[in-house]
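Here is the structure we will look at, set down as structure tokens.
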Amino acid sequence: MIPITKPSLDISDLRYIKNVIKSKILTDGYYQKKTEALIKKLIKSKFVSLTQSCTAALEISSILINLKKGDEVIMPSYGFVSVANSVVLRNAKPVFAEIDPKTLNISYDDIKRKITKKTKAIYVIHYAGHSCEIEKIANLAKKKRIYLIEDAAHSFLAKYKNKFLGTIGDIGVFSFHETKNLVGGQAGCISINNVSLIERTNTILDKGTDRKKFLNNFKKKIISSQKKGFYSWVDIGSEYRASELTSALLYSQVKKVKKIQKKREKFWNKYKDYINKFKNDMFYLIKPIKNCISAYHLFVLVFKSLKKSNEFKKVMQKNGIAATFHYVPLHKSKMGKRFCNYKLPVTERIYNRVVRLPLFSDITDKEFNKILNSLKKFLIN
Ligand SMILES: Cc1ncc(COP(=O)(O)O)c(C=O)c1O
């Protein structure tokens, strides 16, 4: 079976991992700092910290903005469960918004409709590697004095009007999970744009302690540090930082990012050009909006009929090609229903007609041609 995704790993990734093993430093080490600095520079961020996952980074974000009982947080229902969990874990209420059917990104108009006096934050997701209407949403959030958090799990190095996604709102989060464009094993990253939040981030990342001040750089210096003889519990937090092995793998991946991204873009465009050769009224393609440079994370089709989408998935899978659905709307889930008794007609109509096709940088020509041939057969039948 040709999978939906496969990490872009090779023997060159071993070099940095070996260095970690040799150093015997597995936390707070050289690669954690080096990778953070590299990403900070690449995305032009004010602050970057590696985390164990994007889920961890989302949890940090909801602590940072002091979410509490009575607060409302707007987010897309067509999205990832970790966004909702980060809000619910702080006893705040998720308010689920609609998507724009053309992009499957959160609907600006629905955000506007759902803002109340209780709205404390908006969480957007830049779905499939493409930007949501971030400029309009950022202006709205600013005007209403609401925090804006960008979930850029799919969108590392994607841009909107020359700004990197994840660096436009107050906070941005990224995923380097096995399924993402770059992998660190299970890994993530938080980028802070609102400078008033930076100092506390380190505390939350360090289990709620002021350890960062004490641990003035790398681990070896603890022993010789004369500045402060102890660190202690000053806030809430958890063990959110990425390990050295994870950081080293991610370092290797970030070094190769241009090559990886180029290949993804090439396959994405090949798919698009191929599909455009056919007269097709069965489905449409999810594309980047104007002024967006995509991270080309997913290749997504939206079928006009549920029957056709199921037929398509079946045929592709029979041919050994993973063609799969994506998110089940959060507001329709067992947990989501606790917070939501309203309908989201666009999301409900679309979610089960979404089909993703394989997209990864190491897809072979043979595999790609097999997918295109299966697509063609379906389109001309
Ligand atoms: C939009 C979105 N946000 C967050 C996450 C969570 O990422 P992680 O697995 O790194 O915690 C995912 C995972 O796929 C995702 O799709």
Side-chain angles (χ1 to χ4, degrees), residues 3-7 35 39 48-63 73-89 94 96-97 99-100 103-106 121-132 134 137 148-158 165-166 168-169 171-191 205 238-243 245-247 249-250 253-254 264 286 294-300 322 324-331 333 335-336 347 351 354 356 359-360:
I4 274 288
T5 185
K6 210 191 260 182
T35 313
I39 292 177
V48 158
S49 195
L50 296 187
T51 55
Q52 293 180 0
S53 60
C54 184
T55 300
L58 283 162
E59 286 182 21
I60 297 166
S61 74
S62 63
I63 297 174
V73 178
I74 299 174
M75 66 184 69
S77 171
Y78 189 76
F80 198 69
V81 66
S82 298
V83 176
N85 266 326
S86 71
V87 167
V88 171
L89 280 166
F96 298 111
I99 42 171
D100 176 340
T103 61
L104 307 189
N105 266 321
I106 193 165
I122 302 164
Y123 277 67
V124 298
I125 295 174
H126 298 293
Y127 182 71
H130 316 324
S131 174
C132 69
I134 191 66
I137 297 169
L148 174 61
I149 289 89
E150 296 175 76
D151 180 336
H154 300 179
S155 303
F156 184 61
L157 294 186
L165 302 187
I168 300 164
I171 301 171
V173 294
F174 301 88
S175 174
F176 304 111
H177 182 268
E178 180 198 293
T179 51
K180 299 303 184 292
N181 293 15
L182 301 188
V183 301
Q186 259 182 337
C189 164
I190 185 162
S191 164
L205 278 153
S238 190
E239 179 55 287
Y240 286 127
R241 289 197 192 273
S243 79
L245 285 167
T246 287
S247 307
L249 177 54
L250 189 54
Q253 295 267 298
V254 178
R264 298 189 77 99
I286 297 303
S294 179
Y296 300 103
H297 178 54
L298 304 172
F299 191 81
V300 181
T324 56
F325 74 102
H326 208 186
Y327 302 130
V328 173
L330 295 169
H331 79 287
S333 65
M335 187 69 186
T347 304
Y351 83 93
V354 170
R356 289 177 294 157
L359 182 64
F360 50 93

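Atoms within each ligand, like the ligands themselves, are counted from 1 in listed order. Numbering starts at 1 and runs along the sequence shown. Computation of the quantities below employed the complete heavy-atom set of this structure, encompassing side-chain atoms and omitting hydrogens, waters and symmetry-equivalent molecules.
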Inset, instruction - At a heavy-atom distance under 4.0 Å, which protein residues reach ligand 1? Sort them by chain and number, would you? - result: S53, C54, T55, F80, I125, D151, A153, H154, S175, H177, K180, A187, Y327
Legend entry - Heavy-atom side-chain contact between V48 and S191 under 4.5 Å: yes
For residues 78-88, dump all side-chain donor-acceptor pairs below 3.5 Å to protein atoms at least two apart in sequence or in another chain.
residue	atom	partner	partner atom	Å
Y78	OH	Y127	OH	3.4
S82	OG	T55	OG1	2.8
S86	OG	V83	O	2.8

Inset, instruction - Would you please name every residue forming a side-chain hydrogen bond (donor to acceptor under 3.5 Å, both in side chains) with R356, sequence neighbours left out? - result: T324
Legend entry - side-chain hydrogen bond (donor to acceptor under 3.5 Å, both in side chains) involving T51 - partner list, sequence neighbours excluded: none
Legend entry - Where S294 and A128 come nearest, the two heavy atoms and their spacing: OG-O, 4.4 Å
Legend entry - H331 versus S77, side-chain donor and acceptor atoms under 3.5 Å: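 Short answer, yes.
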